[in-house]
Amino acid sequence: MATEGELLPGTLDMLILKTLNRGPAHGYAIAEFIQQAPDEALRVEEGALYPALHRLELRALLASEWGASENNRRAKYYRLTRAGRKQLAQETAQWRRMTAAIARVMQTA
Amino acid sequence: MLRAWLTNGWLRIKALLRRRQLDRDLEEELRFHLAMREEKLRADAMGVGGSTASANARVETSLAHSAARKRFGNVTLLKERCREMWTFASLESFFQDLRYGFRMLHKSPGFTAVAVLTLALGIGANTIVLSMVSGLLLRPPSVKDPDSLMIVCSKDPANVFDAVRAHISVDDYLDWRALSTVFSGMAAADFGDFSDFNVFTISGDAPPERADGARISYNFFQVLGIPPILGRSFLPDEDRPGHDNNVVVLSNDIWHSRFASDPRVLGRTVLLNGKRYTIVGVLPSSFRLWDFDAQIWIPLVFSPDDLRPAARASRNLRVFARLKPSMTEKLASGEMAAIAQRLSQAHPETNKNWGATVMSLQEYSIADANAGPALVSLMAAAGFVLLIACANLAGILLARNSARRQEFSIRAVLGAGRLRLARQLLTECLLLSAAGAGLGILFAQAGIRAIVSEFNWNAAVIALASEFTIDTRVLLLTAGVCVFTALILAIAPAMQFARRDPGVCLGESGRSATPGRQRHRLQRLLVAGQIALSLILLTGAGFFVEEFFQEIRAATGFNPSHLLTASVSLRSLQYFGAPQRESEFYESALRQIRTSAQAQSAAATSDLPFTFPGSIRFVLEGHPVAKPSDAPLSGYADITPGYFQTLGVPLLQGRAFTSSDGPASSPVAIIDQAFAARYFPGENPIGRHLQIDPTNRAGAPWSEIIGVVGDVKDFLGESKPRPHLFEPFLAHPTGTMSFVVRTRSAPAAFSDPLRQAIWATDAGQAVSDVKTMARVISDSGQGDNIMAYLMAGFSALALALAGIGIYGVLSYLVAQRTHEIGIRMALGAEPRQVLALVLRNGMLLIGAGLVVGFLISLALPQVLRAAFGGIPRNAMGILGAAALLVIVAGFSACYVPARRAMRADPMVALRYE
């Protein structure tokens, strides 16, 4: 079981996909969005984002291109591909099923 | 799924091509993030702190940079992880490891050379030996269905050596054929093992030559499953008396050499020993029957003489049989044993208690060649070499890995995982193994070529040897063993390092004094073990080498240089039963030879030295015997006058034969020193009488001993010469003699003049085996010299390997104490004292190994005796010499580096790490 505040393995990918569902973004923006949960409950070692991003890109769930950031710096923007969208839908459904099951068990105690 | 994989691959390939771009992009991406985070933090700090100018704020902003980095994580590591995903990481890091490995190996050429050489020698030596073994033992004979082809032999109840592989008599064969039911076909063959009848002179259109032949049943080739490539084999009637038996099947070799592979050779005739035979078939070139080289095959015809009841005791045949499909060797053995028993009861005077054995052709060949013990000891020697090689590898790899402790600790601290370190070592190991194996293959090839060229004592063996190649399975196996050992030894330490706290490692190597006893225990054990092994192998090798030198040194009893020999067997009808003509031929030929200026002297003998001459029974005067078979045996030769002078055998007493010792004069004989010592100890043999071959000579005449000559050896390495008798050729002419000519210059150059001289007397006779005496002697070894060379070679190899190994590891161990030496000397110790200390420790180690090795080596003479039947002379002397060698090697291994360290400036030694 993960210690407090750390993400369960595998959920990082899902969070990234969800974040990018709102639109293309660069790595920093994704980090900011994920960590904006209250009490900084989702504190991610920020660097860990990048291997995940690259991995998703290699799986063709994301596509990337270079563009200009808000302050005119050169940044790499990621966006969801169609396969990515499908994957997100799958993972979301799976996540919901799992949390529902866990909740049921926890409630009975 | 497939799509994702394809895209994945495509992206990676793209990345491969634009590597540098990829790196730059990655760098920029991460930098962007860090910059953004830093800005944000600074903005927050400033926002909280208030004015930009406050000292607090300044501190905060400078901290923002490191805070951003901290929050990000290990940049380098993350960059690597990202990069790894894009690139074919494993391949790339493999190449990286390779390059690094090359550099490391290049930096320590001594280590690399030793490791590669060790691997090469170990792999090469074993490959050679095991290839030979598999070539000889595992190769099936070149007949159809070798597993169902059997040889049926008689079993001699008297059990005198090859008891279970005795020959068969004619009547027995016919009975076996009639009574057995397990075989689909049975055939007999006479290879002339007990007579000269199967040596033929072929004449006709080309100069006469001698060839070995075999007489066979008509269905011989059918039973063996060898179809002729030209013509046919024999028809059923052709081996029956009363029909036309004068047909011959040629071997492929003689068809090639004498008939120039002419396809129209069928139907032509040749003269075999003066009789005309028609060629009806030619055999394929792939056909070979073990160590026997028959060029011509004619039908085996049984004469009435062969079928007499008494002839059942004359056993000259070999019987081949093909098992029926449903039968097994075991069943066949059972049935033949039963049949043999029936015959034993039916014919007690010839067959009492004789049995029959059935074995496959391959089994028979192996037993016949008597190669078993030799191969086993060769394998043992090769195994030892491999063991030493592995121990060597172990020693130097361990030493090297210890030395690199610091390097590995640093890498571990920098984040290299255990796997990564292991992979690095693995790659280095693979590099070494590849080089070692490559060199080993070259070594094995050269070795096998050299050995094959030594297999030359008759044509069949040459053909056998030409099929020796490196057996790839053997190569892989041996290489696998070596590499496996190297791998384990390379990787184990890496595992060790990574587990311990790197800080400890870093600290230790820098600051420690002499490493503790524990650390080097494995290495000390290895050294002691290597020393023990080396001693054992050196001792064993010493025995073999000594044996070999004994053989070489053994005086032959005469002067073998400048001697040419040739053999003539008078086979024409004109000489048959006409001893007068036979002696005239040889006399005339000798006269002819002596006219040549090159020939210093010439003579002829019925049996050359070193050709396993025959024996003859004799009866001494005053020592009568009850039965003829009780008469003692002696070596025998029929010689012309001048024989001893030509060979250079000294005449010790009395006189040699002259031309007046003929058929009309009183019978005389000459004995050699061994004979005199055995039968006339302390007396003068001259003037005494004996009966030679009394059972076969009419009237059993008494011969007078007229002279005593020096001993001549019968075979290499003979320690106690056998007694020999000599009779004058003129009194007992025979049709097969060998000429011996002492030449003034190189004997081989006289070959042609010798032939011409003989043909000048009778051009129809075949001159065979024209060899120098030196060649006769070496041929008589029948491969003993190969064995000796190989064992000597292995010993030398082992010695070299062991020496290198011991030196390497001991040098390392001593070098490890350089630091300590520096301290001691700085504290005031005399260099001599330090040297003594180091030497003492080193020699203690060597001593331990020596003791163990010594104890084991004491058992070696027994082992060798059991295997080879010869007790090594001077065993303790050899053991002592070997021990001395090891001590010297060990001592110099301790001394040299110790001295070097001692001489160094103490300050340098102190700083040595």
Side-chain angles (χ1 to χ4, degrees), chain A residues 5-7 9 12-13 16-17 19 24-36 40 42-87 90, chain B residues 1-16 18-19 21-44 64-90 415:
Chain A
E6 281 188 18
L7 280 178
L12 182 57
D13 285 8
I16 293 176
L17 290 175
T19 311
H26 50 64
Y28 180 71
I30 299 175
E32 285 284 78
F33 183 77
I34 290 178
Q35 292 177 71
Q36 73 181 9
E40 292 197 331
L42 289 176
R43 183 63 174 268
V44 179
E45 190 189 56
E46 292 189 346
L49 210 57
Y50 286 91
L53 280 171
H54 283 250
R55 188 172 50 235
L56 289 170
E57 187 181 353
L58 266 180
R59 285 169 63 187
L61 300 175
L62 302 180
S64 69
E65 58 185 5
W66 285 88
S69 71
E70 303 85 29
N71 39 8
N72 261 332
R73 274 214 183 90
R74 197 162 165 266
K76 195 172 182 191
Y77 281 83
Y78 291 91
R79 62 175 170 79
L80 274 186
T81 61
R82 203 172 39 190
R85 248 174 266 277
K86 238 177 22 185
Q87 180 74 10
Q90 264 174 15
Chain B
M1 198 60 203
L2 180 63
R3 187 136 178 226
W5 190 82
L6 276 175
T7 328
N8 186 323
W10 172 238
L11 287 170
R12 283 191 173 197
I13 292 179
K14 263 206 316 198
L16 196 69
R18 303 182 315 158
R19 259 293 291 288
Q21 183 64 37
L22 182 82
D23 280 344
R24 273 203 296 268
D25 284 349
L26 186 59
E27 174 84 36
E28 193 170 344
E29 190 179 359
L30 297 185
R31 241 185 310 129
F32 172 76
H33 184 119
L34 281 169
M36 294 290 279
R37 177 58 65 200
E38 189 182 325
E39 260 179 35
K40 174 95 185 296
L41 286 175
R42 208 177 286 140
D44 286 348
H65 184 80
S66 43
R69 285 198 106 86
K70 188 149 176 234
R71 194 151 149 182
F72 191 78
N74 186 339
V75 180
T76 316
L77 196 61
L78 286 164
K79 239 199 291 192
E80 275 223 12
R81 276 172 59 189
C82 287
R83 211 187 282 128
E84 259 173 35
M85 280 184 230
W86 283 97
T87 59
F88 294 101
S90 41

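Lettering follows sequence order; numbering is per chain, from 1. In this text the structure is predicted, and so the values were computed from the model without any measurement.
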Legend entry - Distance, nearest 0.5 Å, that separates NE2 of A:His54 from CZ of B:Arg81: 11.5 Å
Inset, instruction - Give, as side chain, backbone, both or neither, the part of B:Leu30 having an atom under 4.5 angstrom from any heavy atom of chain A. - result: side chain
Legend entry - Under 4.5 Å from any heavy atom of chain A - which part of B:Arg37: both
Inset, instruction - Heavy-atom distances under 4.5 Å only: say whether B:Leu26 touches chain A with side chain, backbone, both or neither. - result: side chain
Inset, instruction - Considering non-hydrogen atoms only, spot the tightest contact between B:Cys82 and A:Tyr50 and give its length. - result: SG-C, 3.7 Å
Legend entry - Closest heavy-atom pair and its distance - A:Gly27, B:His33: C-ND1, 4.1 Å
Inset, instruction - Please report the shortest heavy-atom distance between B:Leu78 and A:Pro51, naming the atom on each side. - result: CD2-CG, 3.7 Å
Inset, instruction - Salt-bridge test for B:Arg69 and A:Glu46: reply yes if a basic N is under 4.0 Å from a carboxylate O, no otherwise. - result: no
Inset, instruction - Look up atom CE in B:Met36 and atom NE2 in A:His26, then write down how far apart they are to the nearest 0.5 Å. - result: 5.0 Å
Legend entry - Considering all heavy atoms, the nearest B:Glu29-A:Tyr78 contact: OE2-OH, 2.7 Å
